[in-house]
Protein chains: 2
Amino acid sequence: MKKVNIGLLGFGNVGAGTYETLYMNKSHIEKEAKVDIQVKKILVNSLDKPRLVEAPQELFTTNADDILLDKDIDIVVEVLGGVEPAASYMKKALENGKHVVTANKAAAADQFEDLVSLAEKNKLTIKFEGCVAGGIPILNAITTVLKANQFDEILGILNGTTNYILTKMADEGLSYDNVLKDAQEKGFAEADPTADVDGIDAANKLSLLMALSMGKYVHPSQIPTVGIRNVTLEDIEKAQQDNKTIKLIAEAKIKDGQLDYSVKPMALDNEHPLARVKNEFNAVFVKGNAVDELMFYGRGAGSLPTGSAVAGDVLRTAQIIASHRR
Amino acid sequence: MKKVNIGLLGFGNVGAGTYETLYMNKSHIEKEAKVDIQVKKILVNSLDKPRLVEAPQELFTTNADDILLDKDIDIVVEVLGGVEPAASYMKKALENGKHVVTANKAAAADQFEDLVSLAEKNKLTIKFEGCVAGGIPILNAITTVLKANQFDEILGILNGTTNYILTKMADEGLSYDNVLKDAQEKGFAEADPTADVDGIDAANKLSLLMALSMGKYVHPSQIPTVGIRNVTLEDIEKAQQDNKTIKLIAEAKIKDGQLDYSVKPMALDNEHPLARVKNEFNAVFVKGNAVDELMFYGRGAGSLPTGSAVAGDVLRTAQIIASHRR
């Protein structure tokens, strides 16, 4: 069997999960992709740090060019987080003939058009599944088998931290500040929770979802965004009295030919499929002109679930590489 | 652009929905598949019957061989229902160099191994998305991007008629007989509801789901199957008192290396994602060793939702044809 070599940029939570998924289910992946898959190099900050998952020491490097300029590497998987240097690395990979898979929504949403046009120019692919809703394979579905649909509505619970906080407030009657503190202690929320609680993370994801399902790219900074800092227990109790549940909703809707979009707390009717999505789970609800209502539900974060999404993109990319080599 | 010709076997509910989806979203599909798609012929029982969707009269034929032996037809879409002659037509199509897409779970589940091995022998594809859970793109996800997972649990609400009946019984306190009669009057249940209420339809779908996600084919007749005829209002009320909801569940589970499977009414905890799936909706819950819990929810039947699934398979098949012609 032909070999496909992977270079991994980053070996944190998602990088380690990707590595683990690729090797845990190696035989399944290779049987499907009909190529041999191998992680050839991994970019890290320090060669001496303890790892979340074990990998041979000789794979690690602190020099990105060992991956970006290695002629034997076919796919660069970028899981660094943050806009730079991640975006520049992805561009350099595409300029050097490598397909790209990323789970880094900040970089992908910020530079979506540049990345996609660079990939097209070089007849390469760039895939984003791990950027949106963790393990839920929503982007693949929307960009392939659901292509025979026009989507006029997307509603998503795209951030696990805020959904966890809102769930605990509603179910246990705890205040925002108390739940946030508890979530930080348990590792469900960052020490600086700004990107999550202010809706920035959800806006990044909505930007990618709109671009890939509706063909309309909006920079995340242009998406009207309100987070959950000001959601009070009183708001939640009032919603409950009306048989509603408050969720942080990323929404894109075509109304009279006009695309409206926002990230904000919304009171959903309890019968709505998204109302029952609890704790750190994510879900995406879409409405297509043929398929009508669809909802995808699953783990929106985490090492292995996001690793599963990245591995799925690696598999699809490996299939494309294999078909070109035939 | 190159042209891909489709022959449609059947123009009932699903056939008409497929035709409508393919033409309603033709530009989307062709942009993605990078080929021109055209329905060339449609097999019907009678040339004079009124149609659910309009199509040029010259497309219709009552002779299957006009499609199965037409050298210009690339993809045969089988949406006839029933095991025969549907299965024989699919085999003849594969023997004559045509890719097959089917939404006919009875024929597909009954002859799965023969159909798949015939397709492999002739280097063709056969796709089944429309057979399981209507518009929900579960088979595509499981057989492509989720391939980097091993699945040890599948739970599905795979039959809309029985879910509608159980929902009405639970929410409105009506008896099985009364709801069934009402459903038949509204067209949600067939005059002879056996295949639905006795779980046969769900067993066909479970057979395909297991084969495609766990690599283990079990003939539907070998799946222990109990329908909902004997579910009483008392059963439902007792479940409600225990915070549970009775659903007809198709289940496949690997336990101690052993695959267990069944279709039967089960009382699910109200917190389970499947417990809130109401009326005619379907949902499939899977657990993978990387992605963990996932649920897909949507319309499990209906002309356009199932048409969307078939059109998605047509699109993927057209992409394969286009890549071979390069």
Side-chain angles (χ1 to χ4, degrees), chain A residues 17 20-22 24-26 28-29 31-33 129 134-137 139-150 215 271 273 275-278 281 283 285 288-299 302 304-316 319-320 323-324 326, chain B residues 17 20-22 24-26 28-29 31-33 129 134-137 139-141 143-150 215 271 273 275-278 281 283 285 288-299 302-316 319-320 323-324 326:
Chain A
E20 195 177 351
T21 305
L22 287 173
M24 180 167 71
N25 299 317
K26 199 166 186 284
H28 284 91
I29 297 172
K31 202 177 149 196
E32 180 68 17
E129 188 69 76
I136 304 173
L139 296 185
N140 176 61
I142 277 185
T143 56
T144 64
V145 283
L146 293 175
K147 206 73 194 181
N149 276 273
Q150 205 170 310
E271 296 297 310
R276 305 288 294 193
V277 175
K278 293 202 166 198
F281 280 90
F285 175 91
N289 67 348
V291 76
D292 199 52
E293 294 183 7
L294 272 182
M295 186 180 74
F296 296 69
Y297 163 98
R299 292 199 177 271
L304 285 177
T306 311
S308 163
V310 173
D313 274 355
V314 166
L315 189 157
R316 285 178 64 208
Q319 286 176 318
I320 291 166
S323 84
H324 285 184
R326 261 202 309 251
Chain B
E20 194 177 350
T21 305
L22 287 173
M24 180 167 73
N25 299 316
K26 199 165 186 283
H28 284 92
I29 298 172
K31 201 177 149 197
E32 180 67 18
E129 189 69 77
I136 303 173
L139 297 184
N140 176 62
T143 56
T144 64
V145 283
L146 293 175
K147 207 73 192 182
N149 276 273
Q150 204 168 311
E271 296 297 312
R276 304 288 294 193
V277 175
K278 293 204 167 198
F281 281 90
F285 175 91
N289 67 347
V291 75
D292 199 52
E293 294 183 9
L294 271 183
M295 185 181 73
F296 296 68
Y297 163 98
R299 292 198 177 271
S303 185
L304 285 177
T306 310
S308 163
V310 174
D313 274 355
V314 166
L315 189 157
R316 285 179 63 209
Q319 285 176 320
I320 291 166
S323 84
H324 285 184
R326 261 202 310 252

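This structure is a prediction, so every number in the text was calculated from the model and none was measured. The sequence lines fix the lettering, A, B, ..., with proteins before strands; numbering per chain opens at 1.
- Comparing B/Ala283, B/Ala290, B/Pro137, B/Gly17 by how many heavy-atom pairs each has under 4.5 Å with chain A, the most go to B/Ala290.
- Evaluation of the side chain to side chain donor-acceptor pair (under 3.5 Å) rule for A/Arg316 yields A/Asn140 as partners, not counting sequence neighbours.
- By the 4.5 Å heavy-atom criterion applied to side chains, B/Val145 and A/Leu315 are not counted as neighbours.
- Residues B/His28 and A/Lys147 share a closest heavy-atom pair of CB-O, 3.4 Å.
- Residue A/Thr143 touches chain B through its backbone alone, counting heavy-atom pairs closer than 4.5 Å.
- Side-chain contact between B/Ser308 and A/Asp292 is absent, with no heavy-atom pair separated by less than 4.5 Å.
- Taking chain A as the reference chain and counting heavy-atom pairs below 4.5 Å, the highest number among B/Glu129, B/Lys26, B/Glu20, B/Arg276 is found for B/Arg276.
- Among A/Asp313, A/Thr21, A/Val314, the residue with the largest count of heavy-atom pairs under 4.5 Å with chain B is A/Thr21.
- Proximity to chain B (any heavy atom under 4.5 Å) is restricted, for A/Lys278, to the side chain, taken from C-beta onward.
- In terms of heavy atoms, B/Leu294 sits closest to A/Gly298 at CD2-CA, 4.0 Å.
- Once rounded to the nearest 0.5 Å, the distance linking CD of A/Glu32 with CG of B/Leu146 reads 11.0 Å.
- If you tally non-hydrogen atom pairs under 4.5 Å between each of A/Leu304, A/Thr144, A/Thr306 and chain B, the highest count goes to A/Leu304.
- Interatomic distance, CE of A/Met24 versus CG of B/Asn149, reported as 6.5 Å (0.5 Å rounding).
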